[in-house]
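Below is one structure, written out as structure tokens; comments come after it.
Order of the sequence lines sets the chain letters (A, B, ...), proteins ahead of strands, with each chain counted from 1.
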Number of protein chains: 2
Amino acid sequence: MDTTQRTDQARSADRRRELLEAADRVVLRDGPGASMNAIAAEAGITKPILYRHFGDKGGLYAALAKRHTDALLDSLRAALDAPAERRERVEQTLDAYLTAIEARPQVYRFLMHPSEGGQQSEGFDVGKHSAPLLRRMGEELAQVIGDRLDLGPAGEQLARVWGHGIVGMMHAAGDWWLGERPCTRAELVRSLADLLWGRLAAAGDKVGGPGF
Amino acid sequence: MDTTQRTDQARSADRRRELLEAADRVVLRDGPGASMNAIAAEAGITKPILYRHFGDKGGLYAALAKRHTDALLDSLRAALDAPAERRERVEQTLDAYLTAIEARPQVYRFLMHPSEGGQQSEGFDVGKHSAPLLRRMGEELAQVIGDRLDLGPAGEQLARVWGHGIVGMMHAAGDWWLGERPCTRAELVRSLADLLWGRLAAAGDKVGGPGF
DNA sequence: ACTAAGGTGTTACCTATGGTAACGGCAGTT
DNA sequence: AACTGCCGTTACCATAGGTAACACCTTAGT
């Protein structure tokens with residue numbers, strides 16, 4: 001009986017992984033607009049099985065998103081925990097994120113602002129995934145900041161604001177960069193780190209201008 | 001003949017505005033998942049007319065988004081151009097943005113991460129709108145920064161990176177804040193401005209910690 | 001060997017939605 | 001009176017998400 005359940009569960013888990021991998025391929029190929037039918041076809045089966053495994057499309061996409069999100073967060077954590085001075089760590093982390101989105105843009109386009117790829121203008125309610133990743137990254141960063149920096153009495157809150165703010169900065173800049181490729185990754189990293197290091201505040205007004 | 005065309009055009013424009021206002025009401029009520037049927041019903045007409053006016057759902061939503069986007073950008077420009085010193089302006093701008101999203105969260109949820117509201121998990125390809133607003137804000141800010149700050153040879157590029165980065169920071173932090181309300185708007189503004197002013201870089205390590 | 005359970009898989013169907021075709025009517029112009 | 005141009009309708013199509021009902025196969029227990 002134990003063995004039965006174990007084997008059953010194991011097979012089910014295996015199947016689930018297979019299905020997720022098929023879904024992954026399709027999403028990577030067709031974009032986030034991929035239909036359940038297409039995914040099922042790629043997996044060599046039909047829709048109802050997908051629904052039995054994942055409940056609904058949101059469930060499938062959530063499972064898919066979780067995979068990549070976890071992977072990305074791991075790589076970011078590694079960069080954040082590296083033995084180096086602060087500026088170096090920040091740059092490493094930014095670079096890790098940008099490297100990831102550069103290597104597999106489709107994946108991260110899917111995670112961030114879903115419905116975009118795909119020839120069809122169809123779609124579904126994918127907004128649910130974007131938030132989770134950004135939020136998780138924000139909270140994670142906030143944790144690190146709050147743990148390691150001495151920010152005074154309201155430090156906890158400050159850390160959270162900064163965590164989400166920095167993640168948002170990274171995300172938006174990365175997204176824009178991925179679309180226009182106006183510079184190298186290293187330059188982007190430097191520019192963002194400079195921003196975080198207060199260079200905006202320190203910069204001088206342009207001569208003759210109205211000041212800023 | 002002239003009069004004819006003029007009156008026809010005028011009536012058409014009026015109608016278009018009416019339709020947009022109806023769509024606005026529905027989107028505000030039902031979220032971005034609002035169906036074309038619902039919008040048509042609210043306007044007291046049927047679908048084909050909407051399609052004649054806006055082409056497709058994307059067109060309608062684009063028109064809708066443009067309205068709000070323009071309005072928001074105006075208010076941001078005003079804050080950015082106010083006669084005050086730099087820090088003050090930055091805070092004013094952040095505050096203007098946050099005030100706007102606080103006053104009409106539904107609108108900005110629609111503009112930013114579309115498909116989210118609505119009881120249905122239906123949706124359509126709204127990802128197209130999010131980008132435009134963020135991008136436009138980013139470019140606008142980049143312009144201001146590039147125009148007024150002396151950033152050396154690569155200043156142009158730096159300004160663009162910063163523009164998009166800051167906008168992303170504002171967006172993500174605002175979004176998170178709107179969801180959790182962990183502090184007052186003024187506190188959030190101060191925290192973000194502090195971040196921009198390099199307080200992250202300047203903060204001391206926590207005693208006993210591994211450093212950051 | 002027979003049965004019960006729980007997984008896999010199918011076909012066929014329902015519903016809602018974006019989108020369109022074909023039609024009719026109502027104004028003003030010529 | 002005929003023409004043009006917009007408003008508006010009903011009816012329809014295609015596609016996508018999601019579900020019901022049914023069949024199969026493997027394994028456990030009797």
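One atom, OH of Tyr51(A), and another, P of dT8(C), lie 17 Å apart when rounded to the nearest Å. Atom CD1 of Ile49(B) and atom C1' of dG19(C) are 15 Å apart (whole Å). Nucleotide dC6(D) holds its P atom 15 Å from the CG atom of Asp14(B), rounded to whole Å. Distance Met36(B) CE to dT20(C) C1': 12 Å, rounded to the nearest Å. Here the P atom of nucleotide dT19(D) and the CZ atom of Phe54(A) are 15 Å apart, to the nearest Å. What separates CZ of Arg15(B) from C1' of dG5(D) is a distance of 16 Å, to the nearest Å. Leu19(B) places its CG atom 9 Å from the P atom of dC7(D), with the value rounded to the nearest Å. The CD1-P distance, from Ile45(B) to dG19(C), rounds to 15 Å in whole Å.
Applying the 4.0 Å criterion to OP1 and OP2 of dT9(D), one finds that Thr46(B) has a side-chain N or O inside that range. The phosphate of dC6(D) (OP1 or OP2) has no side-chain N or O of His53(B) nearer than 4.0 angstrom.
Contact record, Gly138(A) with His164(A): CA-ND1, 3.8 Å, taken as the closest heavy-atom pair.
Heavy-atom distances to DNA chain D give each of Ser35(A) and Arg52(B) a nearest nucleotide, and the one nearer the 5′ end belongs to Arg52(B).
Taking the side chain of Pro48(A) as heavy atoms from C-beta on, and the options dT10(D), dT19(D), dG18(C), the nearest nucleotide is dT19(D).
For Lys57(A) against dG18(D), a side-chain-to-base donor-acceptor contact under 3.5 Å is absent.
Counting only distance, with no hydrogens or angles, the side chain of Arg89(B) and the backbone of Pro83(B) share no donor-acceptor pair below 3.5 Å.
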CA sep, side-chain torsions, deciding dist, call: Tyr61(B), Phe110(B), ring pair (Phe, Tyr, Trp, His ring centres under 6.0 Å): CA-CA 9 Å; Tyr61(B) 276 48; Phe110(B) 160 69; 5.2 Å; yes
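By the 6.0 Å and 45° rule, Arg87(A) stacks over the aromatic ring of Trp197(A).
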